[in-house]
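This report refers to the structure that appears directly beneath it.
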Amino acid sequence: MIILITGANRGLGLCLAAEGLRRGHRIIACCRSPSAELAALTEQYPRELAVLTMDVASEESVQAAAGELAALTDRVDVIINNAAVLLESKYFEGDPLTDLPLADFETTMNVNILGPIRVLHYCAEFLYRSGKPMILNITSEGAALKPAGSHYIAYSVSKYGLNMFTQKIRNYFTEKRGCFPVKIFMVHPGRMNTVMGVENAQIEPEIPAAGILDIIDGITAVPDMTVPFIDYSGNPMPDHYIP
């Protein structure tokens, strides 16, 4: 399969790229600037890995990357919207209404919600040419509505928005284009030991990367779900508080 991954220069994105290459997939790794680790993968897999410069916060950058993608392939089988930012700390003690910098809130929305929307807008045509298309939007348990907790407010709002976007496009394909066999998931990857997740780290990113590839490869069977919010093992995630 041909798998496009955003935010592929570090963390989960890099692990997804490495795991996909190990399994024999062709990987399109998208990022603002390649890391040394991604460059090493390019040397190890020169035929299977292509790196595209893409800043999901910029429409011009995503559009340009889509143009470069057209020179590499006429189809993409899987799009993993992984690129994201977390600019807050769980130790923030200020008033989220008056003390949270609006610039941070705007950046979080621009990257975490509008980023995946831009990617799918310009790359959907490649997905439409696949026989087994799949969209995986990497989201978070923080997207669930709960009666307690006020930390990571911008991040949680952004992931809730991404879940809503994912649900709406799932509904569109189910109701309007039932003949197009796309699988769509919003995926909670767990609390990973990455630059973004270090404050709450419980697992290394290689673990959810392998789980997500198991879902892509069909090793883990995910049943049809009206609300396809799952964890990296394919288990359903609650989208709201259940007392």
Side-chain angles (χ1 to χ4, degrees), residues 2-18 20-21 26-42 45 49-73 75-88 100-127 134-140 142-143 152 154-166 169 186-187 189 192 194-198 205 209 212:
I2 302 175
I3 304 174
L4 184 147
I5 305 167
T6 67
N9 61 327
R10 69 181 189 186
L12 177 61
L14 180 66
C15 291
L16 286 166
L21 290 165
R26 184 178 173 191
I27 302 296
I28 311 294
C30 303
C31 58
R32 289 181 297 173
S33 58
S35 61
E37 293 82 1
L38 185 58
L41 281 179
T42 305
Y45 298 95
L49 175 60
V51 177
L52 296 182
T53 299
M54 179 190 289
D55 179 359
V56 300
S58 163
E59 181 177 356
E60 292 76 13
S61 177
V62 175
Q63 185 176 18
E68 294 179 20
L69 180 61
L72 298 174
T73 181
R75 81 168 207 277
V76 169
D77 301 303
V78 181
I79 292 178
I80 305 178
N81 279 307
N82 167 73
V85 295
L86 172 57
L87 304 179
E88 305 154 271
L100 182 67
L102 288 179
D104 288 354
F105 213 113
E106 291 171 356
T107 297
T108 302
M109 300 303 114
N110 188 30
V111 174
N112 295 3
I113 299 179
L114 292 177
I117 293 173
R118 293 184 185 103
V119 171
L120 290 174
H121 178 81
Y122 285 105
C123 297
E125 62 178 293
F126 299 94
L127 201 68
M134 184 180 294
I135 298 169
L136 296 103
N137 289 333
I138 304 301
T139 177
S140 169
Y152 302 133
Y155 181 79
S156 297
V157 169
S158 74
K159 291 302 185 179
Y160 186 87
L162 180 57
N163 275 9
M164 181 62 76
F165 172 68
T166 308
I169 60 174
M186 39 194 132
V187 183
M192 300 174 291
T194 62
V195 172
M196 279 179 51
V198 66
I212 291 168

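- With hydrogens and angles ignored, the 3.5 Å screen pairs a side-chain donor or acceptor of Asn112 with a backbone N or O of Val85.
- Rounded to the nearest 0.5 angstrom, Tyr122 OH and Leu69 CG are separated by 14.0 Å.
- Closest of all the heavy-atom pairs between Met134 and Leu127 is O-CD1, 3.8 Å.
- Taking SG of Cys123 as the start and CD of Gln63 as the end, the distance is 10.5 Å to the nearest 0.5 Å.
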Original post:
Given the rule in the side chain to side chain contact (heavy atoms under 4.5 Å, CB included) test, do Arg26 and Leu72 qualify, once you have shown the distances and angles that lead to the verdict?
Top reply: CA-CA 11 Å; Arg26 184 178 173 191; Leu72 298 174; 3.9 Å; yes

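- The two residues Val111 and Ala84 make their nearest non-hydrogen contact at CG1-CA, 3.8 Å.
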Original post:
Checking side chain to side chain contact (heavy atoms under 4.5 Å, CB included) for the pair Thr166/Thr139: CA distance, chi angles, key distance, verdict?
Top reply: CA-CA 10 Å; Thr166 308; Thr139 177; over 6 Å; no

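- The CZ atom of Arg75 sits 13.0 Å away from atom CG of Leu4, with the distance rounded to the nearest 0.5 Å.
- Put simply, the side chain of Leu100 reaches to within 4.5 Å of the side chain of Glu88, judged on heavy atoms.
- In terms of heavy atoms, Pro34 sits closest to Val51 at CG-CG1, 3.9 Å.
- At distances below 3.5 Å, at least one donor-acceptor pair connects side-chain atoms of Ser158 with backbone N or O atoms of Tyr155.
- For the pair Thr6 (side chain) and Asn82 (backbone), a donor-acceptor distance under 3.5 Å is present.
- For the pair Ala154 and Met109, the tightest heavy-atom approach, listed with the atom from each and the gap, is O-CE, 3.0 Å.
- Ile27 is not listed as a side-chain neighbour of Leu16, based on a closest heavy-atom distance of 4.5 Å or more.
- For the atom pair CG of Leu120 and CD1 of Ile169, the computed distance is 5.5 Å after rounding to the nearest 0.5 Å.
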Subject >> Chi angles and distances behind the side chain to side chain contact (heavy atoms under 4.5 Å, CB included) call for Ile3, Asp77 >> reply: CA-CA 6 Å; Ile3 304 174; Asp77 301 303; 5.9 Å; no

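- To the nearest 0.5 angstrom, Ile117 atom CD1 is 8.0 Å from Leu162 atom CG.
- Under the 3.5 Å distance criterion, the side-chain polar atoms of Arg32 are left unmatched by any main-chain donor or acceptor of Asp55.
- A donor-acceptor pair is defined here as one N or O able to donate and one able to accept, closer than 3.5 Å; such a pair exists between the side chain of Thr42 and the backbone of Leu38.
- A distance of 6.5 Å separates OG1 in Thr53 from CD in Glu68, rounded to the nearest 0.5 Å.
- Arg118 and Asn81 share no side-chain donor-acceptor pair at under 3.5 Å.
- In the displayed structure, Tyr160 atom OH is contacted under 6.0 Å by at most 12 heavy atoms of other residues, nucleotides or ligands.
- Pairing each heavy atom of Gly7 with each of Ala83, the nearest pair is N-CB, 3.6 Å.
- Side chain of Asn137 to backbone of Met186: no donor-acceptor contact under 3.5 angstrom is found.
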